[in-house]
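Worksheet for the structure shown next.
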Amino acid sequence: MGFLMDLYILKIGGSACTEKAKNVCEAKTGVIRQIAREIKAAQAEKEFKLILVHGAGPFGHKLVSDYGINNGVRTGRQVEGFVRTHNSMLALNKIFLDIFSEEGLNAVSIPPLACIVQSGKKIRRFDYSLVKKLLGVSIIPVLHGDMVFDDRLGASVVSGDAIIPFLAKKLGAKKVFFGTDVAGVFTADPKRHPGAKLIKEIHPRNIGVILRKVSGPSAVDVTGGMKGKLLEMKSILRGIDAFVFDATKNGNVLNLLLGKPVTGTKITF
Ligand code: IPE
């Protein structure tokens, strides 16, 4: 049975799991617990494999920006920033793992620093053998945005948004879900523009127009906000369905995992 089970990859973006808008290092533990419970409930109804990737919010973006380490890590102070950012991501990751364990989920962390090397901010090498091993015994691998070594820049940020298409392609994911704190991709930032419209589908024929419309990040975000996510997906995510949705809304994660309808943006490249 094992290898026939569908594989889903779920990203919980920094906007959904941290106080990103306030730019303070606080996790939204209520949202994380809700998501954990919904994964558990979905597991009780059907068999599937799941990889979870969480974002950073201020736990990563604030430090990267404060230490000026988005374009290379060379000086002693930048090395300090690299270490502090990685450790800060581990702290957020620990919050996820503790809650997952309390809710009865079998999940194990894989820090990207230990298995990814980049070159010019792009993933160059990725030893994902542990991801495969964990999936083989139905343990949820949990990865996250991180600082990793970079052949050209010393070190650089790897976004969860880059990890996901890579793994989706290598492991043949059935679907990838990008959870944020709004109901999908909008024509403008829906928090600042109440008239912003939800874009229900993004495909090769409308992506050009949409990329011109969708804005960059509104809060501190060194990996480019929604626009960065779309560009990342466009470059790698061919043939795999992606769905952007509101992960803070009760029932959404459960319904997605069970294949039931959820409001959001469907992306096919
Ligand atoms: C960013 O990860 C990681 C660091 C800044 C160290 P993500 O790009 O996945 O984080 P979010 O979802 O935008 O917060």
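Both counts, for ligands and for their atoms, begin at 1 and track the order of listing. Along the sequence shown, residues carry numbers from 1.
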| If you measure from the Lys or Arg side-chain nitrogens to the Asp or Glu carboxylate oxygens, is any gap between Asp6 and Lys49 under 4.0 Å? | no
| ligand 1 N/O within reach of Val157 N/O, cut-off under 3.5 Å | no
| Who's closest to atom 14 (O) of ligand 1 heavy-atom-wise, of Gly57, Cys17, Ser15, Ser159? | Gly57
| Does Phe245 have Lys249 sitting over its ring (NZ/CZ under 6.0 Å from centre, angle to axis within 45°)? | no
| query | Lys11 near ligand 1, heavy-atom distance under 4.0 Å? | reply | yes
| Enumerated ligand 1 atoms positioned under 4.0 Å from heavy atoms of Gly145 | 2 (O), 3 (C)
| query | Do Phe149 and Phe82 have their ring centres less than 6.0 Å from each other? | reply | yes
| message | Test of understanding: given a 4.0 Å heavy-atom threshold, classify the contact between Lys20 and ligand 1 as side chain, backbone, both, or neither. | response | side chain
| query | Counting heavy atoms only, which of Thr85, Leu63, Val53 comes nearest to atom 6 (C) of ligand 1? | reply | Thr85
| note | Per-atom filter on ligand 1: closer than 4.0 angstrom to a heavy atom of Gly13 are 12 (O)
| request: Give yes or no for whether the N/O distance cutoff of 3.5 Å, strictly under, is met between Gly160 and ligand 1. | output: yes
| said: Taking the ring centre of each residue, are Phe177 and Tyr8 less than 6.0 Å apart? | reply: yes
| field | Aromatic plane relationship, Tyr128 with Phe126 - under 30° parallel, 30 to 60° tilted, over 60° perpendicular | value | perpendicular
| Does Ile140 reach the side chain of Ile39, with side-chain heavy atoms less than 4.5 Å apart? | yes
| In ligand 1, which numbered atoms sit nearer than 4.0 Å to a non-hydrogen atom of Gly14? | 11 (P), 12 (O), 14 (O)
| task | Please name the residue in the list Asp246, Thr180, Thr248 that meets the side-chain hydrogen bond (donor to acceptor under 3.5 Å, both in side chains) test with Ser15. | result | Thr180
